[in-house]
Amino acid sequence: MLFEKLIKKSSILFIVFISNASFADTVIEVKAEPNKGFYFPFLLKIPSNIETNYLIVETNNTGAVSDDFEVHYQSAKKAIVGNAVGPWVAKKLNSPILIPVFPRPKTDWEMYTHALDRDTLLVESGELKRIDLQLLAMISRAKKVLSNHSVTIQDKVILTGISASGSLANRFSMLHPDSIQLVVAGGLNGILMLPVDNVSNKKLNYPLGVNDFKKITGIDFNKTQWASVPQFLFMGENDTNDAVKYDDAYSDVERKTIYSALGQNMQPERWVKCQDIYKANNVNVVFHTYVNIGHGTNLKIHNDILNFVRKNI
């Protein structure tokens, strides 16, 4: 039986989850702190007995648009104690895990925040401006919270995700490779952000490639550093969830570029071509395509991921 006890202290809400009174994990909600660089709250789960001093980060993926922030908050709250990739690995490693509560607005439905699409990255003002930088600020704040709980954490984080959060992990890793120990991402719609500026003379702007990387981020793409980050990228062989078809994920211009440069068929054509480009650019990556798996995971996948993480920390 699972129940929770709430304790408020300044800007932090402590949610202590207790199961069968045999152990207690503390989930801390850190409220938005604009003066520290983030405009939305995040959840931080601290196990009762930390064994691995890496912070796992998996961004929230509500799976639906809504202007009701409570929808996204409750989804993140459920996820952090669930068995998605990041929370499951965190349980196995007895590691802390951070999940932000980023909204995915219905009013601006073309802005696929949970996948860090182009519309999202180009936000110039307001609370949704550069949520990638907000996530970095959340990570920094989480490290201080952990320090206050006598937990010393590694500088670099383990970044995980599946579906939209997998796409965000893939893209975030290219934006901020210096902050990441390793990446695990799955359910990737047969497409990756590529470390090249063009394919078949088709320019690849963010999030397809790095053609306009410096123009929209203000920094150069650090290909060498990013390519050295260990990555575990996977798809299910029976996955038919092709986000490229949908306007909230990709624009018409992006869709035409993808079809022309990488292929219209998600699997195996586009997925294999993305793999080939990564391999040709000497990326430190392990690819998996799992048989009899759709848009999801199973225990074998989770165990493969766990073994990969253990080998790279």
Side-chain angles (χ1 to χ4, degrees), residues 30 33 36-40 42 44 54-61 85-86 89 95-102 111-124 127-144 146 153-162 164-186 188 192-197 204-233 278 281-285 309 312-313:
V30 178
E33 297 184 52
K36 290 185 170 61
F38 54 98
Y39 289 82
F40 305 97
F42 67 86
L44 180 65
Y54 277 93
L55 176 63
I56 295 175
V57 176
E58 181 160 308
T59 52
N60 63 313
N61 179 14
V85 171
V89 171
S95 295
I97 179 170
L98 181 158
I99 294 184
V101 190
F102 291 131
M111 191 184 302
Y112 202 161
T113 51
H114 293 173
L116 195 60
D117 69 346
R118 185 174 183 84
D119 294 316
T120 301
L121 196 67
L122 292 181
V123 173
E124 295 182 347
E127 293 183 345
L128 285 173
K129 180 179 179 181
R130 291 301 298 267
I131 63 171
D132 61 312
L133 299 181
Q134 293 193 46
L135 183 57
L136 286 178
M138 290 176 179
I139 291 169
S140 177
R141 182 73 174 93
K143 290 175 180 176
K144 292 179 180 178
L146 288 167
I153 213 74
Q154 296 287 339
D155 286 337
K156 296 184 178 182
V157 303
I158 296 170
L159 184 63
T160 67
I162 186 168
S165 60
S167 294
L168 185 147
N170 174 238
R171 296 162 181 175
F172 186 93
S173 73
M174 300 186 79
L175 292 167
H176 307 290
D178 57 326
S179 67
I180 298 170
Q181 177 67 24
L182 62 88
V183 178
V184 174
L188 293 158
L192 301 169
M193 185 171 172
L194 302 173
V196 295
D197 56 17
L204 301 180
N205 290 331
Y206 181 91
L208 308 184
V210 297
N211 180 63
D212 64 345
F213 191 96
K214 186 171 184 177
K215 180 179 179 181
I216 65 174
T217 66
I219 59 174
D220 290 316
F221 171 51
N222 192 332
K223 181 179 177 180
T224 300
Q225 187 173 42
W226 170 77
S228 69
V229 175
Q231 300 185 49
F232 184 104
L233 306 180
Y278 269 49
N281 283 273
N282 300 313
V283 182
N284 183 12
V285 61
V309 172
N312 288 282
I313 59 175

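Values reported hereafter were calculated over all heavy atoms of this structure, with side chains retained and with hydrogens, waters and symmetry mates removed. Predicted model only: the values in this text are computed from it and were never measured.
- Judged by distance alone, the side chain of Gln134 and the main-chain N or O of Lys129 form a donor-acceptor pair under 3.5 Å.
- Here the CG atom belonging to Leu159 is positioned 5.0 Å from the CD1 atom belonging to Ile180, to the nearest 0.5 angstrom.
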Go through the steps to decide whether Ser167 and Asn170 satisfy the test side-chain hydrogen bond (donor to acceptor under 3.5 Å, both in side chains), and finish with yes or no. CA-CA 5 Å; Ser167 294; Asn170 174 238; over 6 Å; no
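- Remark: side-chain polar atoms of Glu58 are not paired, donor with acceptor, to backbone N or O of Ile97 under 3.5 angstrom.
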Working for side-chain contact (heavy atoms from CB on, under 4.5 Å), residues Phe40 and Leu128: CA-CA 9 Å; Phe40 305 97; Leu128 285 173; 3.7 Å; yes
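- Looking only at side-chain heavy atoms (C-beta outward), Leu133 and His176 come within less than 4.5 Å of each other.
- Counting heavy atoms from C-beta outward, Leu233 and Tyr278 have side chains that approach closer than 4.5 Å.
- Across Ile99, Ile139, Ile158, a single residue satisfies side chain to side chain contact (heavy atoms under 4.5 Å, CB included) together with Val57, and that is Ile139.
- Residue Leu98 holds its CG atom at 10.5 Å from NZ of Lys143, rounded to the nearest 0.5 Å.
- The shortest side-chain heavy-atom distance between Phe42 and Glu33 does not fall under the 4.5 Å cut-off.
- With Asn60 contributing its side chain and Phe102 its backbone, the two residues share a donor-acceptor pair below 3.5 Å.
- A distance of 10.5 Å separates OG1 of Thr160 from CG of Leu168, quoted to the nearest 0.5 Å.
- Closest non-hydrogen pair, Arg171 versus Pro207, comes out as NE-CB, 3.4 Å.
- Atom CZ of Phe38 sits about 6.0 Å away from atom CZ of Arg141, to the nearest 0.5 Å.
- Distance check: Asn61 CG to Ile162 CD1 gives 9.5 Å after rounding to the nearest 0.5 Å.
- Val309 has its side chain out of reach of Phe232: every pair of non-hydrogen atoms, C-beta onward, lies at least 4.5 Å apart.
- When all heavy atoms of Met174 and Phe213 are compared, the closest pair comes out as O-CZ, 3.5 Å.
- No donor-acceptor distance shorter than 3.5 angstrom exists from the side chain of Asp119 to the backbone of Tyr112, with no hydrogens or angles considered.
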Report the C-alpha separation of Leu121 and Arg130 in whole Å, then their side-chain angles, then the decisive distance to 0.1 Å, and conclude whether the side-chain contact (heavy atoms from CB on, under 4.5 Å) test is met. CA-CA 6 Å; Leu121 196 67; Arg130 291 301 298 267; 3.7 Å; yes
Apply side-chain contact (heavy atoms from CB on, under 4.5 Å) to the pair Phe221 and Val196, showing each step before the final yes or no. CA-CA 10 Å; Phe221 171 51; Val196 295; over 6 Å; no
Criterion side-chain contact (heavy atoms from CB on, under 4.5 Å) on Leu146 and Leu44, from CA distance to verdict: CA-CA 9 Å; Leu146 288 167; Leu44 180 65; 4.0 Å; yes
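- Here the closest heavy-atom approach between residue Ser179 and residue Phe172 is recorded as OG-CE2, 3.8 Å.
- Applying the 6.0 Å contact sphere to CG of Asn284 captures more than 12 heavy atoms from other residues, nucleotides or ligands.
- Side-chain contact between Asp212 and Arg118: present, with at least one pair of heavy atoms (C-beta onward) separated by less than 4.5 Å.
- The heavy-atom pair separating Val183 from Ser173 by the smallest distance is CG2-CB, 3.7 Å.
- Considering all non-hydrogen atoms of both residues, Pro96 and Ile153 come closest at CG-CD1, 3.6 Å.
- Interatomic distance, CG of Leu122 versus OG1 of Thr217, reported as 10.5 Å (0.5 Å rounding).
- For Asp178 against Lys156, the heavy-atom pair with the smallest separation is O-CE, 3.4 Å.
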